[in-house]
Structure formats: C-alpha cells, structure tokens
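Here is the structure we will look at.
Residue numbers run from 1 in the order of the sequence given.
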Amino acid sequence: GTHISKAVDVLRVGVGIGLIFSYPIILWELRHCVDILLFKGKPYTLKRHIFLNLGIISLCTLVAILVSNIGVVFGFVGATSGSLILFIMPPLFYIYSEEGPLL
C-alpha cells in the first residue's frame, strides 16, 4: 500500500466505529417511539422490549438485503420526511401552540 490506501483504511475504520456506536442510540429512540405509539401507558415488560427489538432489527436487515441501491432508500426517506417537514409539521406546531379555539 500507498499512503492514500492507509488513510482510506483509517477512515473506513472510523466510519465503522461511528456506525457501531450510533446504531444503539438510534434503535433506543425508535423503540421508545414505537412503544409509546403501540402501547400507550401500559407497564414495561421485557418480553415486549425483546419483540420490539427483534422486529426493528429484522425489518432493517430485510430492507438492507432486498434493496440493492441505497439511493432508493435515501429517495424514499427524503420524499416522505421532506413533505412532513414542509407541509405537515408547521400547522401541527401552530395548532399545539395556540390556546383556545382555533376559529
């Protein structure tokens, strides 16, 4: 190897370490949100925690196996989140920030 290939290898290791440490944080928040949406106010159970983890990780793995072009995933996420941020979130913020009747 050249100096460039060694630098690229160091960068690859850095990206891998970043992914390894960020995935559990993202998974925790996603599991928390799904738990609130599906099981509002019910007490915590280890069984539900394990099944939510298995479901989320299985879905992510399935998408990673079936989708050969990451651009498709980025396009879908960008299209849905862009519409959400531009058209849906501002009126919701306004509705929740106002007190009393809106009309």
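- When atom types are taken as modelled, the side chain of S83 and the backbone of T80 share no donor-acceptor pair closer than 3.5 angstrom.
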Exercise for review: Could you walk me through whether L92 and Y96 pass side-chain contact (heavy atoms from CB on, under 4.5 Å), step by step?
Suggested key: CA-CA 6 Å; L92 284 177; Y96 286 119; 4.3 Å; yes
Check your understanding: Where do F76 and V72 land on the side-chain contact (heavy atoms from CB on, under 4.5 Å) test, with the steps shown first?
Key -> CA-CA 6 Å; F76 178 74; V72 173; 5.7 Å; no
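- With hydrophobic clusters built from ILVMFWY side chains whose heavy atoms lie under 4.5 angstrom apart, I95 does not share a cluster with F87.
- Clustering ILVMFWY residues whenever any of their side-chain heavy atoms sit less than 4.5 angstrom apart, transitively, puts I57 in the very cluster that holds L52.
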Check your understanding: Does the pair F21 and L19 meet the rule for a side-chain contact (heavy atoms from CB on, under 4.5 Å), with working shown?
Key -> CA-CA 5 Å; F21 285 113; L19 287 173; over 6 Å; no
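- When hydrophobic clusters are built by joining Ile, Leu, Val, Met, Phe, Trp and Tyr residues whose side-chain heavy atoms come closer than 4.5 Å, directly or via intermediates, F39 is grouped together with V34.
- Of the possible polar contacts, one joining the R48 side chain to the P43 backbone as a donor-acceptor pair under 3.5 Å is found.
- Within 6.0 Å of OH on Y23 lie more than 12 heavy atoms contributed by other residues, nucleotides or ligands.
- Hydrophobic clustering (side-chain heavy atoms under 4.5 Å, transitive across Ile, Leu, Val, Met, Phe, Trp, Tyr) keeps L54 apart from L59.
- How far CD1 of I26 is from OG of S22: 4.5 Å, rounded to the nearest 0.5 Å.
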Point to revise | H49 vs N53, side-chain contact (heavy atoms from CB on, under 4.5 Å): CA-CA, chis, key distance, verdict | key: CA-CA 6 Å; H49 176 88; N53 272 345; 3.4 Å; yes
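- By the neighbour-count criterion of 12 heavy atoms within 6.0 Å, atom CZ of F93 is sparsely surrounded, having that number or fewer from other residues, nucleotides or ligands.
- Taking 4.0 Å as the cut-off between side-chain N and carboxylate O, D9 and K6 do not count as a salt-bridged pair.
- For the pair K40 and L37, the tightest heavy-atom approach, listed with the atom from each and the gap, is CE-O, 3.9 Å.
- Of the inter-residue distances, the one linking L30 atom CG with C60 atom SG reads 7.0 Å to the nearest 0.5 angstrom.
- Follow the hydrophobic side-chain contacts under 4.5 Å out from L27 and you never reach L46; the two are in separate clusters.
- A distance of 10.5 Å separates OG in S81 from CE in M89, rounded to the nearest 0.5 Å.
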